[in-house]
Every structure is written in structure tokens, then in C-alpha cells.
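Letters A, B, ... are given to chains in the order of the sequence lines, protein chains preceding strands, and every chain is numbered from 1.
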Amino acid sequence: ALFAGACGSDDSDDQSAQEPAATATEDGGGEPQGDTGPVSEFFVQEDYDTQLAQRDIEPEGDPATPWLQMIEPEMADTSEYKAKNASGWNLCFSNAAVDNPWRQVGWNTMQHEVKLHKEIANFKAVDAEASDDKQISDIEELANGNCDALIVSPNTTKTLTPAVEAACEKVPVIVFDRGVDTDCPVTFVHPIGGYAFGVDGAEFLKENVDSGGKILALRILPGVDVLETRWSGAKVQFDDSDLNVVGVEFTDGDAAKTKSIVSDYLQREGQIDGVWMDAGATAVAAMEAFEDNGVDIPPFVGEDQNDFLTKWQEDGLNAIAPTYSNYQWRTAVLAAVKILKGEEVPKEWVLPQPAITQDTLADYVDPNMPPLHYALCGCEDMPGYPQDWGGK
Amino acid sequence: MAPLLAMKDIRKSFLGVEVLHGVSLECEAGEIHAVMGENGAGKSTLMKVLAGVYSPDGGTIELEGEQVSFSHPVQAQGAGVAIIFQEFNLLPDRTVAENVFVNREPTKRGLVDIRSMEQHTRELLEEVGVTHFGPRTLVRHLSTAQQQIVEIVKALSLDAKLLVLDEPTAALAEHEVEVLFALLRRLRERGLGMVYISHRLREIFTICDKITVLKDGELVGTVPTEGTDTNTLISMMVGRELDGYFPPRGTAEELGDVRLRATGIETSMLTGVDIEVRAGEIVGLAGLQGSGRTELARALFGADPISAGTIEVDGKKRGRGPRAGIGSGMGFITEDRKLEGLTLAQPIRDNVLLAVRSLGRSQRKRLPNTVSVQELARSVELKARSLEQEARFLSGGNQQKVVLAKWLATQPGVLIFDEPTRGVDVGAKAGIHDLMRGLARDGVAILMISSEMPELIGLADRILVMRNGELAGELPAGAAETEIMKLAAAEDHELEAA
Amino acid sequence: MSVSEPTKAAGTGGGDAPATPRRRSAWDDRKEAITNSPATPVYAALLGVFIIAWIVVTIDGGTFLTVSNIVNMLQRSVALGIVSAGQTVAILAGSLDLSVAFLISLSSLVTAEVMDGSDANIVPAVLAVLALGVVVGLGNGLIITKLRVNAFIATLGTALILQGLIQNRYDGPAGSIGEGFEQLGYTRFGIIPASVFLLVAVVALVYFLLRWTRFGFRLYAVGGDEEVSRLSGVRTHRVIIAAHVVCSVCAAITGLFLASRLGAGTPTVGTDGGYDLESIAAVVLGGTALAGGRGGVLGTIGGVFILAVLDNTFNQLEVNAFLKDVVRGVIIIAAVAVYARRSERRA
Amino acid sequence: MSATTPDAFETPVTSRSERVRKALVGTAPIFIVLFILLALIAIENPNFLEPPGFLAFLKRAAPLAILAAGQYFVIVSGEFDLSVGSIVTVVVVVAARLIDDDPSKTWPIIALLLAIGATVGVTNGLITTRLKVPSFITTLGMLLILSGAVFWWTGGAPRGALPDNFREIGRLGIQDFPVLEQLPWSVVILLVIGIGAILLMRASFGRRLMAVGDNESAARLSGVKVENMRTIAFVLSGLSAAVAGILLGGFAGVSAQVGQGLEFQAITAVVLGGVVLGGGRGTVLAAMAGALTLEALFTLLNLYGVSGALEDTVQGIIIIAAVAFASYRLRGAR
Ligand SMILES: Nc1ncnc2c1ncn2[C@@H]1O[C@H](COP(=O)(O)OP(=O)(O)OP(=O)(O)O)[C@@H](O)[C@H]1O
Ligand SMILES: Nc1ncnc2c1ncn2[C@@H]1O[C@H](COP(=O)(O)OP(=O)(O)OP(=O)(O)O)[C@@H](O)[C@H]1O
Ligand SMILES: [Mg+2]
Ligand SMILES: [Mg+2]
């Protein structure tokens, strides 16, 4: 989207996200209230409940290899997909894009995982460059090609569904990260999910920010389900809290813009007592905005991106890093291998999704890894680590 | 019955300068009516008024007794008046057929009927005897002469009652002219009325029935071709003391050494031109439209590359390109100041300084530091509110003076003027003439292209005449207009005869 | 007589006429039409790219010249092909349209919302989208001609306005399309995807507009020289406005198609595809002069196919998506440089 | 004044003041708009009037203003530069990867970054002027090439990090500066570049560049090296993009989106300043004022809490209106 950014500072707020900012400023903050507008169209109560429950369930499997763990798996037989020959497999992968650090780390890990499996003769990956239409064509092309199994990381849940359904007819399909509106894939690999992510952060702020405290919520962009669920989850928490959400803004994941927005709020509100983010990519930029305005950094919700963790540790901040387990990129490959071997896999492979807290911070932060590395890559044991991940 | 066309004391002025002071013209059906006069006499303007390109400031136009007034050429076409403008009016990237029928594409069941369009065009082309390009030829691939034919065919396709041709033969060779004439005669048989503008006397006598002469926007008179001879005609056109005053010529001892010497200049439009201009003299360059004067000027100045020949300034061979030309002390006042002379949106100051500023350090060395923009402006008698005024707000004459000042700023040794007073009113003309002579006195060598006979005769120390890209001959100061005309318009076989 | 002999004053021209006088036949005309067509070099280039791609992919052990692969390339060309066809018209008029990407997104949303999952609403949906196209096109055209705003700025402005409206109303995929309409995006007649026929239909229509209607002839005239056209009585403003309407309608149709493909409308489908600059690139790659007046829709489609072949090849070779952009950039510049030299030679 | 400079022809104060007056008249409209917007912001947010508040605004606007200045040179010479956004991205990403948090590398790499900007400019210029490719296409292609190349190199997203001494340039400033408390470096750089650009445009170079954009053939016949002038304009644009990139990288750190769409914002800003696409008209001061106006507009809409979406709509309408107004004035003048 060469042109998408062409259009000035597009805080692409939708009305629902905007109202609070307005109302909140009118009644000058102060008394506790947390109305953040109508419930998002993406909110599904039962998913919300399951995810919150799953946070407390002990995942099956060896904690040493979290990418193989699974929560409440209902195993499905896959013998029908068992490959004729024990090796020489063609594994195919339709990737939405490699346009952010999280995906870059994951994609890197995935390629290393593939190398670990001699059975996979060749691994054909196609990048859709974040275009739904292109990914649909890619999936068609791959499904009609000679793939033994097809891994899909959909660009958009709703719009990729038809293409994936079509592909299911031809090859065993493994979906991970964002989902699709169909259960035709053999397995759908994903961490607990967005609600849990959002709630982890919101709960942290509820505990660490005094009642009536002003919360600024920063989101990347609207319309992506994994992100929408994070916000709508947090929203539920905020709504029945006495925190005062003074604004919900979209940053497009652009650091400069994030920084500008935070400064604007600091000027407008005088102070911000807590920041919730639906992704940690621009967390550091947001923190800097506080520093540059000569204000202490309040309780902060980030993600397991290394620069955030490092800053957290060095400056001794009060923060939390919910995660969206990056090692799911490994799991997708592993699932494919199991399927082609005819071993059974869970219909829905739910991975653990730990939130990094003050206590566990030390285990995850690693000054030798690059700032944009993700702590939950699950790649530490792989050959080529850390150099291949840009570490020292 | 009423004549086909009757224009009654038409007036028209541009930017305050009146160029038509009440001109009348009548043309019967089945007659070829010549309109003659020097450059700037107002011929084209009169025709543009007729065609609805300009609306007249006064006067009336009647077609077959009906009073008409056109605000757009298309209305004129509708009324049966077709005009072939002096400047070509074609779309280079379109085919011949598309150009002929632009905006009048024939349709069948709502669709453009290319077949009939091309068929019709082909017929017309054959009618005028064209065999070497067809309806689908791109106009950009045609020579000027061929484009001329397309223009005529376009006019024919309008099956007009009145056809106006403004210097149609300017760019045509003799045999092409014959074809054209045959065609015009045929049209006359058909009862078409035609207004025919040309500088070529012989053509007029071969084909025209009546002749109307204009001078400085005034009607001199209309005479039948029979019983009129060349001399009467020329005296009608020129027959007045040459613009009154011209500055006294240079004397022999004022002549310095040769400052500009060109030998064997060849370009796509020029063949073997030799030319010499001495310090202190003004050499006039005469010729008809399309004879190649401008090409010569551009070649000398370095604006166009030359395929053969050498150009020396002050004895030194000059490098290629305008910069080298300017560096060696040349200046070029172009034919069209709006397109090639001025940066219209910039202040006078920047226009005046443009050339100096583009000089390299070394080249600037020879400039004394005394001249200021004001002094330059004063020396050319520029009339402007301030030096910060944008050039586009100046009158034609003053714009020309700005261009002049630009070149004076570079302290040139050789100046080439292409139509120095085109579009300049009589008063300003004299000023510019004085200036040119003054420069010559200061030892500048001047080459002056002009289509205005009085100017050439009155100002030039000697006159070179060009024809078809060659030098046709040289005439002494004050040569008679008839001689110049003869040389310029003489057809090849006449020369062989002579 | 031989008018073709270049007279001195005439200088250039006449050069390409045969030396010995002879009557020209209709065949000369046809030959001339072919050599003059700016599309000719494009298809030469396409052929070249195709063959190279074929060789490279085959060496790499992939399959290139298979029906399914070719069909896939066609499939991929549909969306870009339709927008570019429209963009061609705008550019031929000496204008250009930067607002297509957002119009596509908006159209996809309107389609999906009006259709709202039932084929019963196909007709209203299609009508609504076409109407949208007409309105936006009129807007662009009027701003450019009546307000005399440079086309670049005018359409950039419209783009922003559209983007605002979209983001103000939608925060994600919206609406859904009927089963039947989804067929447009997915069914195949034999091996040919239905959408390819849509592309063919649109291109044919535009080609027809340009080649057989008065509008087409005047479009070329205006793009070639607005002043001369005006003097010849062409209503230049109308032509430019009409050109933008055609362009926008094509963009709207692209939105329709993409909706059928995505099963819903999305606010980003247009920009993700980068259809604004991509379409302009395809048009110039197709030999149409950015200045207007020269070129045609066939060339454009050639350009689109060139891009499609590249895409496909890169996919097959699993070339990194970013390297792909590099190559595209180089190819676009190189192609236009070649065309520029070519037209210089012939001028 | 020596004979070797054209200033030998410059004239006394009288018309200097006239020139100044004209410049003011020419740039008046944009400054009025800018002033109104700033006033509105101040009303919404009083501490905008205090030095820190206003400096923060300038600091944020600096990169765009610098881009606008660079873009101005290209536009006034009659061309386009769509590649600046991608240059910014390249600069930030390259800096992050090459410096990779090693302060000692900062200055050499900054030199390299400027070199990159200049090189891209030269390339744009040569392709446009020598190969006769319309600059719209040249720079569009360059945009694809640059953004593609840099992420091909880093594998999709930025790597590495920017050390503090690099960040400072865009982030910090001269501490405890009288009155202002802190004078951001970016504001200093903006001022320097701004003044430099204005002087350059008033000097011989600027006047010739104007002439090129106004009437190419007249300029050529007057001995101006048209091709070189345009190429230099592209170089200036490339350099300013590099500087903007350094500032943006410093301001907010590494980010893949950093340069996205900046080319259109820069062109918009220049046009808002009343500079005419096609060349030959408008002042660099107005162009930079256009950038500030754009930035002020964003800030204001943010303060009003106007939905960011409608923000774009407003922006679109304003741009069209501005240009319509400009071309109306042009016609009116005729
Ligand atoms: N074959 C041609 N192709 C393109 N332009 C031509 C051609 N022949 C003549 N011209 C242009 O037509 C105009 C008239 O030709 P030219 O300049 O040679 O006549 P001239 O002797 O200068 O008379 P005038 O100065 O009255 O035009 C010039 O501008 C010339 O450049
Ligand atoms: N558009 C215009 N603006 C200003 N002055 C003009 C314009 N057109 C013509 N003139 C002036 O009007 C006068 C008559 O011009 P016109 O072209 O009618 O002369 P002409 O008789 O056709 O000369 P030629 O024989 O060179 O064609 C000239 O002084 C010319 O400079
Ligand atoms: Mg005339
Ligand atoms: Mg001439």
C-alpha cells in the first residue's frame, strides 16, 4: 500500500474508539468511569470466557518445549493424509507477509524448523505481500500444484475463508496465527488468543494504577481479528474497572506517530497513569514520549519484543509483556510433519501464551539479541542460534 | 445579388495596439481573391477575425447578404467558411484521416465509420493527387508540404463555400505549387470563393482574379488582376516613404574586421550557406516564410547542430551549443519571444540577468562591472512599473526590450536579430532601430532577419536574400523592394533562364 | 507529383515514403497502422519476458508452460487489468487518476453491503457500485476542468476524501456476497476462470470506446493537443470529464470483482494491491505516453501481462517479495526509457 | 561587488525592498492560514504558547518541512520527486543495521546516509534528463527499487538499533537554552536548511532554476545548462530526504513505516504553499510554510479529537481548495 500512508497522519479511529476520548475530555477525567463505547462487533462472549479459563489450565506436554504443548486438545485422526512415501515431501506455505519484526522472527524460525526435518524434500513458500487477492491466487496456485501439505497464515480471516475451503478439497491444510471461518483445515495452530492477551494487560493496569487513573490505549489498526479481540478483551476489563480510559488511538505501528500521539495526550491530559497497547512494536517509542516530556514512565503494557524488555529491565519500570507466542511458526511445521506421518493432531492446537512479568522478566530478556527480536521465538535450541536471528 | 463575403471596416487591436483600422473586403463566389501586404500588415488577423478566432472590435461580416458573427472557428465552418491558418493546426500523433475529420467523425449506427472516413479521405487525397501517403499515415511523419496538403484536404472535406488560404505555398516547392493551383482552379469551377494570401507576386498573377492590398492595417485598395502589373502592385504595398526615419547608416571607416564568419553551413534545412558579418555593420537577411532564415540563425548561434561547415567568432572557431556561442560573445534575439525569449513568470530583473548568470566564471571575466540592471533597462528605454514586475505583464514592445537587455548584459560582439520588431508598434520600432545602429557603432556585428521590407531596406548595410535554405544573392544597402522580392520569390527555372 | 520529396524548407518528414512513386494499397495502410501502433513493442517485450521466464523457470525445475500456470497468470491479471484499462483512458486524455485504489476498496465494501449475502441483490449492488464510479469520476473530472486543479493534486485529494469516508465507516471486512456472485471470482468455464471473461469484456469495451466511438477519437485529440482540439471545435472539458468517468467506473468494476473474490468488502483491498501506482505503471509499461494522446488499451494489457509473468516467475523461483519490487522498478524505468528513445527517433 | 558575479548587475536597496514586498505578497495566503491554525491550536491547548509546547510542534514538523524544501527545488524546476519517502525509509533502516547500537559508527554512517541521498538524487536526475523518462515514472520506479532493496537486504523488517548519540539529533537539543529551556537540534537544522534554501533561491542558481521551470527553451537559449540544473534539484531533494530520515530515525527510532507516504505529504505541502506544479512559480519559504500548515492541521484535528478518518477527508478538501484558489489567482492575474 504505497499510498495508504500517503494520507497524512491517519489515526484511523472508528467512531466507537473515538467517543471515549471525547466524553472523557468533557467530564475532565477525575471521577472513575471507564466507558469505552459500544462493544466491538468482534467480541464473542464464549470465546472470551474459554480463553480466560485456558490461561489457568496447565498445558499438556513438556514445558521445555512449549511449542509442542497443547491446551485441552481434542485429538483428531489424520491417517487419511498420511503421505505415501516416508520422505521426499513437498511442503507448501502461503504467507500473508513478512512485513513486521514479529513475522520476520517467526518466518526465520520456521525455515530453521523445516531444515530439521529430512522428510521435507522441498519447502515452497509464497509471500502475499499483505494483499488478500494475491494470497487467494497464491493458495489456488499452491493447492493446484504438487503440495503434500499446505500451511496457511491468512492475511484476513473473513476474506481468505473461501480460498482455504477450496484448498481443503485438494490438500491437508494447516492454518496458524489468524484463523479462517471454517473448520475444514486439519488443524488450526494458535496461542490462547487475543482476549487473553488483552486481559493480561488490562488486569495488570487495574492492579497497578490507582482508581480514576488515566489510561491511554494504543492500537495498531482496526479490522484485524487477532488485534480486535485483544482490544475488546481489554475493553471488557476497563469497562468494569474504575480506570478512566482517556483515549483509544491507532498508531499504524508507526513509531513516530505513536510518539506524537502520546505527547499530544500528555499535553492534553496533563498526565497519563497507564498505557495499554495491543502490540509491543512501538512500546519503546511510546515510553520515550514520556521521557522527552520529562515525565516518569507509568505502568506499561508492552510485548515480548527485546527492546521493550531491555528498557524495562534497565530502567526498572513497572510493566508487563503479554505475548502472542512467536513459536507457533515452529508448531505449524511440526503439525504438518505429524499429519504427513499420519500421527494425530489436535483439531485446534492451542499453544500456551505466558505473560512476562517482573518475576519472569530475567528469563526472557537477552541483551545479546537485537532490539526487534521476540523472546518467545522458541528458537534458542536451534542450530544457527543466535547469529541467524541477528544475535551476538 | 449580394457577394459571397462582405467584410465592412473591420477594426481589431491587441493590447491597445490597433492592427486593423477599419478594413473592408469583398469576395464573390467562383473567384480567387488575393490579399497582399507586408508582414504585419494585418492579413492573418483579418482572416482570423473572419474565421471567428478573434472577435472584431468593430465592423460587420456578411455571408451571401446574411450578417454573421462567429465566436468560434467551428461556427465559421458551419457557415461554410474554411480557413487554413498560417501556423499549422494538426495533431501530429493522429492519422491523416483523423485529422481531416476531427470532431466531425462520420458515424454509422452511432459508431465512427472509419471505413468511410478513410475512404473519403483517400478520395480527397487522390483528388489533390497525393499518392505517397494515405489516410492512415501519422501526420508527424509528413513533411511541412505534405501537412499543408492535409490542411487543404481538411478544408475541402468541409465542402466550404468560402476557402481562406493564408500563405499556403510558403513551404511548398514549385511543382507542389502547380498541383495546388490546379486544385484551386478546379474548386473555382465548382463556384467556391477563395481568399488567397501570399507574398509571391508571380503566384498572385497566375491564379488570382482580384487583389486587395493592405498596409499597416489600412485598406489600400482592391484591383482586378488584368491591367495591373508587378510595379503598380508593389508600389501599392510599399508606396510610402519608408516608415519615415531610419538612423543614418554606418560609414565605410566604421566597418571593422570580420567578427562572424560562417562557411558551408549544412543542416536538415540549409545547404552550403557562407556568411560574413563585420564589426559595425548590420547585415539584413531577407526571404519568404520557410526560406530558412530562422534555421540559419539558430545554426549560427548554436541552438541547432550543424552537419557541416565552420563558424568563427572574432577569428576563433566556436564550440557547440548556445553556451559556447554566448561565451564567444554571441547573442540571439529569437523570432518568438514568448516561446524562446522570456521566462514570463519571472521578474524583469531575472530575465535580464539570465544569460549573464549562466556564464562560466572565466567567461564572465570580460564583463566590466559598471552596468546595472537599471542602466540596461534605461539604455533600451524599457517602460515598466518596476524591475520586479513579471515579464508577462509587459507589452510586446517592452518584452522585446527585456530580451534585448538580456543580451546587452553579456556585452556581445555578435548579435542575431530574428524579426526584431515583430508585434512591436511603430513608435517602439524606431527605438529598437536606433538601438541596433548604436550597437553597430560600438563595434557589434549584427545579423538581422526581417520580413518587413522597410526595415531591411532602411536599416541594413547590405541585404542577403535566402530561398529554400540557400543564399539566393546579396543586394547593396537601400536596394529596391522589387529586387529583393524577385530574388526571394524567384522560381528555379526563372534563375536558369537568367 | 511526389509530395513526399522533402523540400528544403520542409526539412524532416517524408523520409519513410517509398522512393519510387507507386499507388499505395490498403495493405500499406495496414502495415503502417501496425508499425505506428505503440502496442507493437510492448508485445515484443512481453514475448521476450515470457520466453526468458519460461527458460529460467524450467531450468529451476519448475513448470511454466502448463495450462494451469498460464490460467493462474491470467487470473492474477484480472484486477490490475481492469483498473489499468480505465487508467489508460484517463492518461490518454492527458490526465491521470490516483484515487482508484480507494475507490476500489469502497466499491468492494458497497458491493458486499448492498448484496448482504443474497444473490437477489446482485442487480442493485452492481448498479450502486457503477453509480458510485460515475459520481467519483464526475467529481475528478469537474475538479480538474472547472476548478483547473492539476490532475495529480485533484485525484490525490479525492483519494484522501475517499479514504476518510472509508475509514470513518468501516474498521474491517464488511458485508458479504451471495453464493452465486462468488462464482464470478471462483468458477471456471472449462479451464478459463469466469473473471478472465470479465477482464476480456472490460478491455473489449474500452478498446471499442477508443477505437469506434467519437469519444475515443476526441479523447486522443484532446490528449494530443488540447488547444488544437479546441480550435477544431472539440468540447475538451466534456472529453476529460468523460475520460475520468470511464476510469472510475473501471475501478468500481474492479471493486465488484474483488468483492466476489474475497467474499466480502474490505477497506484495504485497493491500497494493499497498490492499484493506484501499479495501474499507472502498467499503462506506461504498455507504451502509453504519460503526457497523453498516444497509446492504447491493448498496450496496457500487454503491460499488465508482463507484470503478471514477472510475478508468476518470481513466485515459482520463490524470489523474495522485496527483490521483486526492485526488478519491477528497474523494468518500468527501462521500458519507458526505451519508448522515449523510440519516439524521439521517429519524431 | 566584483565583475565576475552577476551581482554586478544587482541594484540598490529601493527595489530590494520591492522584492521583499513581493515575496511577502506571494507567500501571504499560506502564512495567514498557518497563523489561524496555530491560533486555534493555542486556544485548545494554552501551553502551546509556551516555548516548549511550540518547539515540540516545530520539532515534529521539522522533517516534513525539510522534505518540502527539497521537493520544492524539484517541483519549481518542473519535475516531480516521488522517491523521497522511500529514501527516508532507506536512511533509517540502513542506519539501524550498519550502526547497530555502536555510537562510534554514528558519524561515519551519517556521512554515508547523506551520500546515499545524493546518489539517489543524481540517478533520478540523470534518468529524467538524459534518458528522457518522465520524472513521475523515474521516481516512482526509484521508490519501488529503494523500498524493495532495503527490505530485501534486511529480510522484511528493520534490524539493529540506533545508538543514543544518533537518536539525540532528532530527539534532544541544546539543553537549558535561555528562555526556551531546550532548543531541539531538529529545529536548529530546520532553520539552517530553511535559510540556506532561501538564500540559494535568491542567488544566481535559484533564479536559473526558476527560469528552467518557467521556460525551458528560453533558459537553454540563454546558456543555462537545463539538464544539470534539474539534476542538481533532484540531488538537493535527495539530500533533504536523507536529513529528514536522520531526524525521523532520531525522533522515534527504527520503524519500517517511517517513510511511508511522505512523498505525497511533501508534494501536498509544497502545493499548499502555492507552488505551481509544472514549475517556475512559488517560493521555498511558502513551501516550508505549507509543511508547517499541514502539520498544524493534523495537530489541531487531533486536539479536536476529530476522527482521524475524517481528518483525511478534511485534508483532501483543503488541498483541492488550495490549488483551485492558486490557479484562480493565476488566471485572475492574466
Ligand atoms: N520541415 C519543418 N519541420 C518543422 N518545422 C519547420 C519545418 N520547416 C519550417 N519549419 C518551421 O516553420 C517556421 C518557418 O520556417 P522558417 O523559420 O525556416 O522560415 P523563416 O525563413 O524563418 O521565415 P519566418 O521567419 O517568417 O518564419 C520556422 O519556425 C521553422 O522552424
Ligand atoms: N495575438 C497577437 N497579439 C499581439 N499582436 C498581434 C497578435 N497577432 C498579430 N499581432 C500583430 O498584429 C499585426 C498584424 O499581424 P498579422 O499576423 O495579421 O500580419 P500579417 O499580415 O499576417 O503578416 P505576415 O505576412 O507575416 O503573416 C502585427 O503587428 C502583429 O505583430
Ligand atoms: Mg500572416
Ligand atoms: Mg523565422
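- C:Ile143 touches chain D through its side chain: at least one heavy atom from C-beta onward sits under 4.5 Å away, while N, CA, C and O do not.
- Summarising the geometry, atom CG belonging to C:Leu165 is positioned 9.5 Å from atom CG belonging to D:Asp312; distances are rounded to the nearest 0.5 Å.
- Rounding to the nearest 0.5 angstrom, the gap separating the CD1 atom in D:Ile137 from the CG atom in C:Leu290 is 5.0 Å.
- Interface residue C:Ala154: only backbone heavy atoms are found under 4.5 Å from chain D.
- For C:Leu162, no part lies near chain D; criterion is any non-hydrogen pair under 4.5 Å.
- Residue D:Leu146 does not touch chain C at all, counting heavy-atom pairs closer than 4.5 Å.
- Residues C:Val149 and D:Ile320 approach most closely at CG2-O, 4.0 Å, considering heavy atoms.
- Under a cut-off of 6.0 angstrom, the local environment of NZ in D:Lys225 is sparse, with at most 12 non-hydrogen atoms contributed by other residues, nucleotides or ligands.
- Of the two parts of C:Leu96, only the side chain, counted from C-beta on, holds a non-hydrogen atom closer than 4.5 Å to a non-hydrogen atom of chain D.
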*Kindly indicate, with the supporting measurements, whether the criterion side-chain contact (heavy atoms from CB on, under 4.5 Å) is fulfilled by C:Ile161 and D:Ile317.*
CA-CA 7 Å; C:Ile161 295 174; D:Ile317 294 169; 3.7 Å; yes
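- With a 4.5 Å cut-off on non-hydrogen atoms, D:Ile127 touches chain C through its side chain but not through its backbone.
- The CD1 atom of C:Ile333 sits 4.5 Å away from atom CD1 of D:Ile145, with the distance rounded to the nearest 0.5 Å.
- Under the 30°/60° scheme for interplanar angles, the aromatic rings of D:Phe264 and C:Phe152 are found to lie parallel.
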*asked:* Before you tell me yes or no, could you show the steps for D:Ile319 and C:Leu160 under side-chain contact (heavy atoms from CB on, under 4.5 Å), namely the whole-Å CA-CA distance, both residues' side-chain angles and the distance that decides it to 0.1 Å?
replied: CA-CA 10 Å; D:Ile319 294 165; C:Leu160 290 176; 3.5 Å; yes
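- A pairwise comparison of heavy atoms in D:Arg130 and C:Arg341 identifies O-NH2, 4.5 Å as the closest pair.
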*Show the numbers, then the answer: is there a side-chain contact (heavy atoms from CB on, under 4.5 Å) between D:Trp152 and C:Asp325?*
CA-CA 9 Å; D:Trp152 176 35; C:Asp325 281 344; over 6 Å; no
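- The CG atom of D:Leu140 lies 5.0 Å from the CG atom of C:Leu277; values are rounded to the nearest 0.5 Å.
- Contact of D:Ile318 with chain C is not made at all, since no heavy-atom distance falls under 4.5 Å.
- To the nearest 0.5 Å, the span separating CG on D:Leu144 from CD1 on C:Ile332 amounts to 5.5 Å.
- Of the listed residues (C:Val327, C:Asn320, C:Val338), the greatest number of heavy-atom pairs within a distance under 4.5 Å of chain D belongs to C:Asn320.
- Heavy-atom distances place both the backbone and the side chain of C:Val336 under 4.5 Å from chain D.
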